There are 2 protein chains.
Amino acid sequence: MVTSVVIHLKQISTRFSIAVHTLSLIAVYPKDCTGDFIAGSVNTNPVVIRRIMGMLKKAGLVDVRPGVGGASLLKDPERITLLDVYRAVNVTEEDRLFRIHGNPNIHCFVGRNIEQALQKELKEAQSVMEQRLAQTTLDQLIGKFK
Amino acid sequence: MVTSVVIHLKQISTRFSIAVHTLSLIAVYPKDCTGDFIAGSVNTNPVVIRRIMGMLKKAGLVDVRPGVGGASLLKDPERITLLDVYRAVNVTEEDRLFRIHGNPNIHCFVGRNIEQALQKELKEAQSVMEQRLAQTTLDQLIGKFK
DNA sequence: ACCGATGTAACCATTATAGTTACACCTAAT
DNA sequence: ATTAGGTGTAACTATAATGGTTACATCGGT
């Protein structure tokens with residue numbers, strides 16, 4: 001009997017793309033960016049934006065004016081990379097993209113060796129991905145808008 | 001008031017590392033690899049292994065002998081890459097590692113452009129990561145075991 | 001026919017996500 | 001000083017993926 005249940009991997013959260021959208025908005029419309037304005041462009045709830053703004057603030061990317069509202073960039077768009085944004089909103093355990101199963105059987109030749117050997121490869125794969133993100137700045141991204 | 005709630009990104013499933021572990025076992029111990037044996041080395045429930053074996057089978061990487069049990073590789077360890085394994089077990093929507101928020105406001109200059117511009121960058125980042133995985137074979141990985 | 005193995009359904013606890021309401025607080029403008 | 005609009009954050013929700021588990025049908029060599 002064949003039934004097929006498609007398993008979907010949990011992908012990298014939309015927090016990342018929403019954060020990039022948010023920073024692009026602030027760069028393009030430096031005067032108007034309240035949470036509600038951003039939420040209107042992203043098309044989501046303002047609280048979702050405020051949460052992400054909190055992360056961007058903590059990462060030193062934006063400044064949010066308390067009370068009156070509105071946000072501004074703390075770095076030039078030429079100096080903000082996609083990696084900066086990715087790191088700001090993707091708080092992973094020890095910054096690891098890949099999980100590795102714990103407690104393999106150390107009495108087994110493979111179980112005893114797999115973790116360290118695989119860890120090294122996966123870190124490299126993660127690293128090249130992040131370095132590619134680091135090559136694109138907010139400025140370059142906005143430059144592609146039509 | 002400052003409270004800090006750490007948000008952990010859902011990382012790439014341990015299915016991947018368990019699959020690599022499983023294939024390594026079959027390569028090293030071609031005679032003994034029943035689901036229970038593998039589960040004993042991975043240190044998990046046999047059903048978890050059987051599920052992953054099903055994915056590896058569907059990907060054409062292994063053959064499982066029905067009835068009597070035991071698994072064997074369908075390709076040489078020198079010709080199985082980490083990318084093959086990754087693709088076999090990580091069934092993501094359209095193979096996309098990154099999610100992008102849907103339905104941005106197309107009446108906004110940024111909302112109208114962000115998806116396409118960002119998509120291109122993220123695909124490239126995913127691609128370099130996958131190409132790095134493709135550079136490591138099962139054989140090379142096992143060669144690092146001590 | 002038996003025995004050990006596989007295939008898979010079904011269920012569960014845990015956790016991340018993303019949306020939502022609610023409300024305290026802050027600042028400028030009146 | 002009061003008000004209006006915006007921010008910060010807690011709390012709750014529905015949805016979904018994960019990984020473990022039990023149960024059971026089926027397969028195939030001995």
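Computed from a predicted structure; not experimentally measured. To find a chain, count down the sequence lines: A is the first, B the second, and so on, and within it residues start at 1.
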Without decimals, in angstroms, what is the distance between [X] [atom1] and [N] [atom2]?
X	N	atom1	atom2	answer
A/R15	C/dT17	CZ	C1'	8 Å
A/K58	D/dT9	NZ	P	8 Å
A/I52	C/dT17	CD1	P	11 Å
B/R65	C/dT6	CZ	P	9 Å
A/Q11	D/dA16	CD	P	14 Å
A/D63	D/dT7	CG	P	12 Å
B/I18	D/dA17	CD1	C1'	14 Å
A/N90	C/dA16	CG	C1'	12 Å

(message) Expected output is a numbered-order residue list: members of residues 27-42 of chain B with a heavy atom under 4.0 Å from any atom of DNA chain D. What is it?
(response)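 Those residues: none at all.
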ring-ring contact (aromatic ring centres under 6.0 Å, His included) pairs, two or more places apart, involving [range]:
range	value
residues 111-136 of chain B	none
residues 47-67 of chain B	none
residues 41-62 of chain B	none
residues 123-144 of chain A	none

Give me each pair satisfying salt bridge (Lys or Arg N to Asp or Glu O under 4.0 Å) with a member in [range], each pair once, sequence neighbours excluded.
range	answer
residues 132-146 of chain B	A/E121-B/R132, A/E121-B/K144, A/E124-B/R132
residues 23-40 of chain B	none
residues 61-70 of chain A	none

Check [X] against [Y] and note the closest heavy-atom contact, atom names and distance.
X	Y	answer
B/Y86	B/E130	CE2-OE2, 3.8 Å
A/M129	B/F98	SD-CZ, 3.7 Å
A/A71	A/I26	O-CG2, 3.6 Å

Looking at [X], I'd like to know whether one of its side-chain N or O atoms comes within less than 4.0 Å of OP1 or OP2 on [N].
X	N	answer
B/S13	D/dG19	yes
A/R99	D/dG19	yes
A/K57	D/dG8	yes

(request) Identify, with sequence neighbours excluded, every residue that meets side-chain contact (heavy atoms from CB on, under 4.5 Å) alongside B/V28. (result)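 Scan of B/V28 (side-chain contact (heavy atoms from CB on, under 4.5 Å), adjacent residues dropped) gives A/F109, A/V110, B/I142.
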Donor-acceptor contacts under 3.5 Å from residues 72-84 of chain A side chains, at least two apart:
unit_1, atom_1, unit_2, atom_2, d
A/K75, NZ, A/R79, O, 3.3
A/T81, OG1, A/L83, N, 3.2
A/T81, OG1, A/D84, N, 3.1
A/T81, OG1, A/D84, OD2, 3.3
A/D84, OD2, A/T81, N, 2.9

(request) Would you classify B/G70 as touching base, sugar-phosphate or nothing, given that sugar-phosphate means primed atoms plus P, OP1 and OP2, and contacts are heavy atoms under 4.0 Å? (result)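 Result for B/G70 = sugar-phosphate.
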Set out, line by line, the N/O atom pairs under 3.5 Å between protein and nucleotides 21-24 of chain D.
unit_1, atom_1, unit_2, atom_2, d
D/dT21, OP2, B/N45, ND2, 3.2
D/dT21, O4, B/R51, NH1, 3.4

(message) Return a single string for nucleotides 25-30 of chain C, one symbol per nucleotide in 5' to 3' order, where B is base contact, S is sugar-phosphate-only contact and - is none, cutoff 4.0 angstrom on heavy atoms.
(response) -BS---
